[in-house]
There are 4 protein chains.
Amino acid sequence: MAREESKFEWQKSMKLLREKAIEIFAEYGYFQTKISDIVKAANVTQPTFYLYFESKDVLYKEIITDFQTNLEKIIDESVSESNALQNSKETIHVILNRMFNYFSLNPDLTKVGLFESDVPTASKILSQKLKSVVEKDSRFIDEDDIVLHIFIESLIGSIERLTLSALLSEKVESKKLAEEIVNIYFAKEKSVVTA
Amino acid sequence: MAREESKFEWQKSMKLLREKAIEIFAEYGYFQTKISDIVKAANVTQPTFYLYFESKDVLYKEIITDFQTNLEKIIDESVSESNALQNSKETIHVILNRMFNYFSLNPDLTKVGLFESDVPTASKILSQKLKSVVEKDSRFIDEDDIVLHIFIESLIGSIERLTLSALLSEKVESKKLAEEIVNIYFAKEKSVVTA
Amino acid sequence: MAREESKFEWQKSMKLLREKAIEIFAEYGYFQTKISDIVKAANVTQPTFYLYFESKDVLYKEIITDFQTNLEKIIDESVSESNALQNSKETIHVILNRMFNYFSLNPDLTKVGLFESDVPTASKILSQKLKSVVEKDSRFIDEDDIVLHIFIESLIGSIERLTLSALLSEKVESKKLAEEIVNIYFAKEKSVVTA
Amino acid sequence: MAREESKFEWQKSMKLLREKAIEIFAEYGYFQTKISDIVKAANVTQPTFYLYFESKDVLYKEIITDFQTNLEKIIDESVSESNALQNSKETIHVILNRMFNYFSLNPDLTKVGLFESDVPTASKILSQKLKSVVEKDSRFIDEDDIVLHIFIESLIGSIERLTLSALLSEKVESKKLAEEIVNIYFAKEKSVVTA
DNA sequence: CATGAATGAGCATTCATTCAT
DNA sequence: GATGAATGAATGCTCATTCAT
């Protein structure tokens, strides 16, 4: 028993460092986060950091990749779950619900993954996925590409901003937020009713 | 003559430095912009920089304040111009039109002012101003504050994102973009018709 | 049985570590050899290294001392073997033959021992020993010390360089090399004939 | 006048740093030379070092290249000067004379350039140049390549070693040293007579 | 005999900023 | 108005070495 425990001991510092790194990256951003800050928060010394992570940069990218992988999985699951649904409105609603739920459970990771400046790949994922959901909607079949593009990008902008200023600030809970966004973007269709 | 010349020469370096700073800040962001890059681009030496600006930080804030002042003025003018109008839809439309026009004329300044991470004051201005426009709308008088907050923040998110991915990327011109955003956010009302 | 096995197992890691250390020191030199490299090559962990060796430095010096001891023995044996010979030429020839033979059988150890920069003690040994052989030669009895010194040092330089660029590079075999060096340094006397 | 002086002022720290670097590299070798040592010796701070040199590594290579360039020039000049001479003996003598003279005037640079471990390019230069001088000698026209190779490499070894243990240690002056080496390597021909 | 985990001490390099001219 | 020269203060990263198990 004790043996098995010690076998996973190595994860202790590593996990702790990663957690603290996420917290501090979330609060201060990449450039203002010093490795000395991270190790101080984790109560280890600098060389220990390099025992587990190649560099500050690599850790940062690992974290972001993590977030993106999760994000992608969530969207894909939502889409396949609501596969039977005919309109994109309901699919988007399911996606938003799950996504915001994930975001609120991982606020710091979300901050890092969604608002990192240099590599806006989370946005790219959102862009792709949402586009493939919405473009089948009858509402856009006669419109040109630009209108669809604007709709999607607008939606992503809303998601990003509201995640920060409503969800993670704990002003609005995820369910309500998803509902209201759907109400805005699918106003012409009949309103969503809260369960 | 020599005197008059120097009258115009004066601050030549200062203007050039500020211009180059805006360009480079826009491309690389605050932390990845080195003063040595700015002065190199302006063909002066480092001490010259400190002749005109107190520090990197202060220059950055000056630039952002500049942008914010302009932004505020534009919104205020738009509001007073469309004062007679009864519904917020038209007012927002006018604001967006003018704002996007300004943005597309000052792409680099906009990038710096709108997407600087640390001090989201541009967003605050937008938030305040748009709120005061929209809250009079009949659509929100029966709703609670949260719904209004979400509407405003969603709109700001859309504006920010579309500024980057549609306007400054030159995929959509300002007029069209303003129109489409209004169509999304005021879908229940009758559609905007292009002039 | 298990006991006997461990009797042979004992120092298995030690020998392996020393061997790998010699290889890596030979290839990369003292400063560019990391203990982590050595233990990796020996498939053990870092603390195991310190189980057998006090430090990197001490191991290095042990290796060099090893080489020097062997070198000294080889020269001494050669000298006593050719004790009867009247001229230094033959003695030198025997020394070179044996020495080069030893070098070519231990190329990595030779590289470390002969070309370590900081402590040129191998050279000192060569210097001493060769001097005591040559100084009895009639050729030098009337000359001043300087000429003898130059002769010895020149010979050592030749040995060192040719060890690297002819012997260990496998361009020339030890016997031929010894012969040619003698031909150069004892040209006035009648030429050595290959056996 | 003062103006012209200040125009070359920038060379002051740079030259001083390079000089001190050569001294310290010569004494301690590349790996044991810290930039902090160099700047301390030159009485400047670390950033000043980077004002003039890209890195420790680049400076080191610059120094070595410097030495090699000079070495090459000296040999080439010696060769063309003694062009009329029929035998390689005299040419080698001239080369050695000039070379040792240069070495004794630049002892530290020579130590760095001639005994740097990683990049034995100085040796390569010597090898090439000396080979082209000697291979025309009647003495080698009937011999195989190996004998020539051994002769050259032996000579280089002698030069390197004696430079350190006779010339730079100030035991022998350059003229005498050149003469004695020639006496060793061209013993069959009639002896060189000191001027 | 061996190792997982950790660290003290150091090192090259960078960058905003300043002073004398 | 402008610059040549210099620096204080960090910061990321490395490596030999050790301790508890």
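Letters go in sequence order (proteins before strands), and every chain restarts at 1.
- Heavy atoms only, all atoms of each residue included: A:T33 and A:G29 are closest at OG1-O, 2.7 Å.
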Going by atom type alone, with no hydrogens or angles, which donor-acceptor pairs under 3.5 Å involve a side-chain atom of residues 14-27 of chain C and a protein atom two or more places apart or on another chain?
unit_1, atom_1, unit_2, atom_2, d
C:R18, NH2, C:E62, OE1, 2.4

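- Going from atom CG of D:L17 over to atom P of F:dA6 covers 9 Å, rounded to whole Å.
- Computed from coordinates, the A:D37 CG to F:dA10 P distance equals 12 Å when rounded to whole Å.
- Put simply, C:T48 has a side-chain N or O that comes within less than 4.0 Å of OP1 or OP2 on E:dT3.
- Atoms CZ (B:F53) and P (F:dA2) sit 12 Å apart, rounded to a whole Å.
- Proximity of B:Y102 to B:F67: side-chain heavy atoms (C-beta onward) are separated by under 4.5 Å at one or more points.
- In this structure, CG of B:L16 is placed 11 Å from P of F:dA2, rounded to the nearest angstrom.
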>> Under the criterion side chain to side chain contact (heavy atoms under 4.5 Å, CB included), I'd like the reasoning laid out for B:F49 against B:L59: C-alpha separation, chi angles, the key distance, then a yes or no.
In response: CA-CA 10 Å; B:F49 178 94; B:L59 168 58; 3.6 Å; yes
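- In this structure, the NZ atom of A:K15 is 15 Å from the P atom of E:dA5, given to the nearest Å.
- Contact annotation: the side chain of B:D57 approaches that of B:Y30 to within less than 4.5 Å [non-hydrogen atoms, C-beta and beyond].
- Minimum atom distance to the side chain of A:L51 is reached by E:dA5, of the listed E:dC1, E:dA5, F:dT7.
- Side-chain atoms of D:T48 and D:Y52, non-hydrogen and from C-beta on, do get closer than 4.5 Å to each other.
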> In B/S/- notation, 5' to 3', how is nucleotides 14-21 of chain E contacted by protein heavy atoms closer than 4.0 Å?
Replying inline: BBSBBB--
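- Across all strands shown, F:dA10 forms a Watson-Crick or G-U wobble pair, both distances under 3.5 Å, with E:dT13.
- Atom pair D:Y30:OH and E:dC11:C1' shows a separation of 12 Å (rounding to whole Å applied).
- Side-chain contact between C:F103 and C:L114 is present, with at least one heavy-atom pair separated by less than 4.5 Å.
- Distances shorter than 4.0 Å separate none of the side-chain N or O atoms of B:T45 from OP1 or OP2 on F:dA2.
- Taking atom NZ of B:K40 as the reference point, atom P of F:dA2 lies 19 Å away to the nearest angstrom.
- Under the Watson-Crick and G-U wobble criteria, each requiring two contacts below 3.5 Å, nucleotide E:dT21 is paired to F:dA2.
- Close to E:dA6, at under 4.0 Å from its OP1 or OP2, lies a side-chain N or O of A:Y52.
- Contact between the side-chain N/O atoms of C:S13 and the OP1/OP2 oxygens of E:dA2 is found at a separation under 4.0 Å.
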